[in-house]
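Both backbone and side-chain heavy atoms feed into the values below; hydrogens, waters and symmetry mates do not.
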Amino acid sequence: MSIRYPHLCEPIRLGNVIFRNRMFSAPMGGTDITADCCVGPRTIGFYELRAMGGAAAVTASELVVHPETDASHMFHLDLKTPGSLASWTFVADAISRHGAVPSVELSHSGQYAGTYLLDKDRKQGLTQYGPSDWVRPDGIPVKALAVEQIDEIVRTYGETAALAKRAGFQMLMIHAGHGWLINQFLSPAFNHRNDEYGGSFENRLRFARRVLQSVRDVVGDGFPIELRMSGSEFFEGGYDIKGGIAIAQGLEDLVDLIHVSAGSYQFGFFRTHLPMFAPHGDNVWLAAEIKKHVSKPVATIGALNDPAQMEEIISTGKADVVEMARALLADHELPNKVIAGRDDEIVHCMRCFTCMAERPMTGTRRCAVNPLIGREIEGLHLTPASCRRRVVVAGGGVGGLEAAIIAAKRGHLVTLLEKKDVLGGILVSEQAIPFKYEMYRLGLTLERQAKLAGVDLRLRTEATSELIKELNAEALIIAVGSRPVIPPLEGIDGDNVIIVNDYYKKKDKVSDTVVVLGGGLAGCECAVHLGMEGHKVAIVEMKEQLASDCNIRHRPILMDMVDKYASVFLNHTALKVTGDGLICRDASGREVSVEGRTVICAAGQRPDRKSVEALRTSAPWVREIGDCTRVANITAAIYQGYHAALDI
């Protein structure tokens with residue numbers, strides 16, 4: 001078989017272990033954790049999924065080595081807690097039985113202990129330990145670790161490593177980046193000690209070297225150790241790439257793989273976790289630069305999900321390994337698809353931060369485009385239908401496409417009816433906004449999968465009760481979506497008004513000044529795009545805040561982008577559209593004019609209940625999914641479509 005991406009698919013040897021390809025699953029926190037910090041059953045399935053998908057290594061995250069000084073509610077591994085060692089043994093086994101190398105990340109949060117606690121009041125009561133005494137920007141005091149505590153932490157790194165090896169892990173990752181404890185000792189911004197652990201570069205390196213030596217002493221030569229570090233901290237006072245190179249050189253003799261990430265938790269979250277506004281692979285240059293100065297293999301990470309880009313990284317020597325986290329949530333089968341030459345079937349991560357927003361909200365894990373995430377133990381394999389039925393799906397948005405694909409894979413005869421000439425629903429409109437292009441591409445990928453699954457796709461065909469009955473539908477999934485809200489304003493039907501859903505068809509008509517009516521997620525992202533294109537943009541929102549429908553991880557970076565590219569008018573109610581913009585009433589009751597020769601109407605969406613009512617008695621079994629029931633998001637549409645198909 002001809003391999004399209006030979007460098008990406010080539011095995012690599014680290015220590016005495018051979019990895020089947022160069023695509024590694026980077027650390028991602030699990031989906032459930034017990035009250036005594038053991039691995040829950042859902043987490044085992046969570047990591048197993050990446051192994052089944054073809055990743056060469058799967059790293060579980062984060063295993064706290066010294067709970068006494070790191071009181072975060074994260075995973076522990078010890079002999080005194082019943083089930084602790086066993087639960088990690090089950091994780092290692094679940095990964096290794098699918099041919100992947102099981103790894104676990106050994107970690108200490110240091111001054112950021114309690115980061116993952118849902119009860120933020122409890123976090124305030126913790127003692128935060130770090131290299132030096134100081135007060136964090138959020139007002140939380142940090143206490144310097146005593147030398148005796150440092151000695152104990154170093155020892156527990158070794159003890160935990162020994163237990164992890166005993167549990168069956170074949171590689172260990174030492175987390176020395178992102179502002180966690182080892183990074184805090186390495187960083188001139190955080191380390192102000194005047195003893196053997198502070199001051200000179202050699203002293204700041206000492207804690208990391210002692211930790212790595214403690215681990216090496218117990219796992220032995222040939223057992224691969226991966227060092228995760230920030231190539232640059234990217235904030236004033238932190239180290240830059242020159243510092244990153246020096247750190248890599250100072251530690252490489254103790255490790256087998258240098259994993260180069262970026263940023264620091266409190267000052268650079270969105271440098272570590274690149275948002276949709278940043279280029280894919282924006283941190284690769286850090287790994288490429290460090291690789292020039294070290295002899296050990298180097299891994300890179302950061303919004304990588306395109307096989308062609310990853311192949312180029314390996315083939316040109318920028319890195320030896322590519323690591324993915326969010327990309328393998330979106331499509332755990334990505335490595336298998338790359339190897340088999342099925343990369344046109346990859347579901348690409350949209351960098352919407354649904355996965356990261358769910359953790360602080362509910363303590364679980366979700367993915368907007370992969371309904372299995374967080375629900376792996378509910379079933380990883382599709383069960384063939386006991387009775388083959390004729391299924392009709394009304395609506396070709398992503399929810400309807402997902403339902404059609406799953407129903408067809410289960411053996412049903414599936415017909416999908418879409419009144420427009422394209423599939424993808426509302427996401428078709430995202431094709432004109434570069435940083436949201438992967439949302440548009442989701443529809444294309446699902447269309448490809450639907451064709452491969454044998455779905456009868458009928459475009460330019462409106463679903464009617466008569467047609468559904470003519471098709472002898474035994475099951476009907478209604479996924480007709482929503483309609484844009486168009487406020488009854490004078491002038492709203494003018495030639496200078498563009499509904500945000502239609503922007504992709506009319507973008508050439510947009511003038512140099514734009515006012516966006518509606519400051520929800522869609523309106524804000526459109527405004528940012530137009531600002532980036534060079535337009536003068538204003539956002540008019542009747543509420544007191546923007547993007548209230550945006551998740552808590554995406555919203556901060558979106559607001560930063562809005563501040564950069566648009567003027568904002570909150571608590572402003574639109575009264576009239578004119579040729580020059582909007583006439584509004586502000587919070588004090590005054591009429592004001594907001595300039596914008598083009599008006600983008602982004603006032604929201606409303607469920608298409610009229611179409612639902614016309615169809616809901618057209619088959620013996622009917623399910624409504626997606627925006628036609630309640631306007632929500634891609635996550636809800638995909639999940640509901642997936643499970644509706646399982647219920648037939």
Side-chain angles (χ1 to χ4, degrees), residues 12-19 24-30 37 39 43-44 47 50-51 55-67 70 74-79 84-85 87-96 100-109 153-178 180-183 207-230 247-248 251-261 296-299 301 320-321 323 325:
I12 185 172
R13 185 187 187 100
L14 302 174
N16 291 334
V17 178
I18 296 174
F19 297 75
F24 286 19
S25 178
M28 291 180 280
C37 295
V39 176
T43 291
I44 298 171
Y47 292 123
R50 240 73 53 220
V58 177
T59 302
S61 167
E62 294 182 33
L63 175 50
V64 172
V65 300
H66 194 252
D70 186 357
M74 293 190 285
F75 296 123
H76 300 170
L77 172 55
D78 56 57
L79 295 178
S84 179
L85 179 58
S87 67
W88 283 109
T89 303
F90 292 139
V91 172
D93 177 66
I95 295 168
S96 63
V101 173
S103 178
V104 63
E105 180 183 46
L106 304 188
S107 178
H108 193 303
S109 308
I153 292 170
V154 168
R155 177 177 54 80
T156 57
Y157 264 99
E159 291 174 350
T160 309
L163 286 175
K165 183 178 180 181
R166 180 172 163 183
F169 287 93
Q170 299 166 31
M171 180 167 73
L172 294 175
M173 177 185 287
I174 307 303
H175 194 351
H178 303 168
W180 269 199
L181 184 63
I182 297 176
N183 176 250
F207 178 61
R209 286 196 61 85
R210 288 194 63 199
V211 165
L212 289 168
Q213 189 63 62
S214 177
V215 173
R216 178 59 74 196
D217 288 344
V218 300
V219 298
D221 295 333
F223 187 98
I225 297 175
E226 180 177 1
L227 173 73
R228 189 181 212 191
M229 61 171 288
S230 293
I247 290 167
L251 300 175
E252 68 168 317
D253 62 306
L254 294 170
V255 303
D256 302 278
L257 179 65
I258 301 171
H259 168 139
V260 182
S261 186
K296 294 294 176 66
V298 170
I301 192 170
D320 303 283
V321 168
E323 307 227 10

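- Annotation: side chain of V321 is not in contact with side chain of E226 (no heavy-atom distance under 4.5 Å).
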Any chance you could lay out the side chain to side chain contact (heavy atoms under 4.5 Å, CB included) test for H108 and I153, step after step, and finish with the verdict?
CA-CA 9 Å; H108 193 303; I153 292 170; 3.9 Å; yes
Might you work through the salt bridge (Lys or Arg N to Asp or Glu O under 4.0 Å) test for D256 and R13, ending with a clear yes or no?
CA-CA 10 Å; D256 302 278; R13 185 187 187 100; over 6 Å; no
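- In this structure, L254 and I225 have side chains that are not in contact, with every pair of non-hydrogen atoms separated by 4.5 Å or more.
- For the pair L257 and F24, the minimum side-chain heavy-atom distance is below 4.5 Å.
- Put simply, the side chain of F207 reaches to within 4.5 Å of the side chain of L181, judged on heavy atoms.
- At a threshold of 4.5 Å between non-hydrogen side-chain atoms, the residues V255 and R216 do not count as touching.
- Other residues, nucleotides and ligands place more than 12 heavy atoms under 6.0 Å from the CZ atom of F223.
- Considering every non-hydrogen atom in both A248 and M229, the closest pair reads CB-SD, 4.0 Å.
- A distance-only check finds no donor-acceptor pair linking the side chain of T59 to the backbone of P27 [under 3.5 Å].
- For the 3.5 Å distance criterion, the side chains of S261 and H178 qualify, holding a donor opposite an acceptor.
- For R209 and D253, the salt-bridge test passes: some basic side-chain N is under 4.0 Å from an acidic carboxylate O.
- There is no side-chain donor-acceptor pair under 3.5 Å between E62 and H175.
- Contact of the M28 side chain with the S61 side chain is not registered, since no non-hydrogen atoms from C-beta on lie closer than 4.5 Å.
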Show the numbers, then the answer: is there a side chain to side chain contact (heavy atoms under 4.5 Å, CB included) between L85 and L77?
CA-CA 6 Å; L85 179 58; L77 172 55; 4.0 Å; yes
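- Contact check for V104 versus W88: side-chain heavy atoms found under the 4.5 Å cut-off.
- Using a 4.5 Å cut-off on side-chain heavy atoms (C-beta onward), Y157 and I182 make contact.
- Annotation: R155, atom CZ; neighbour count of heavy atoms from other residues, nucleotides and ligands within 6.0 Å is above 12.
- Shortest non-hydrogen contact noted between K165 and V219 is NZ-O, 2.8 Å.
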Check the pair C37, F75 against side chain to side chain contact (heavy atoms under 4.5 Å, CB included), reporting the backbone distance first and the verdict last.
CA-CA 5 Å; C37 295; F75 296 123; 5.8 Å; no
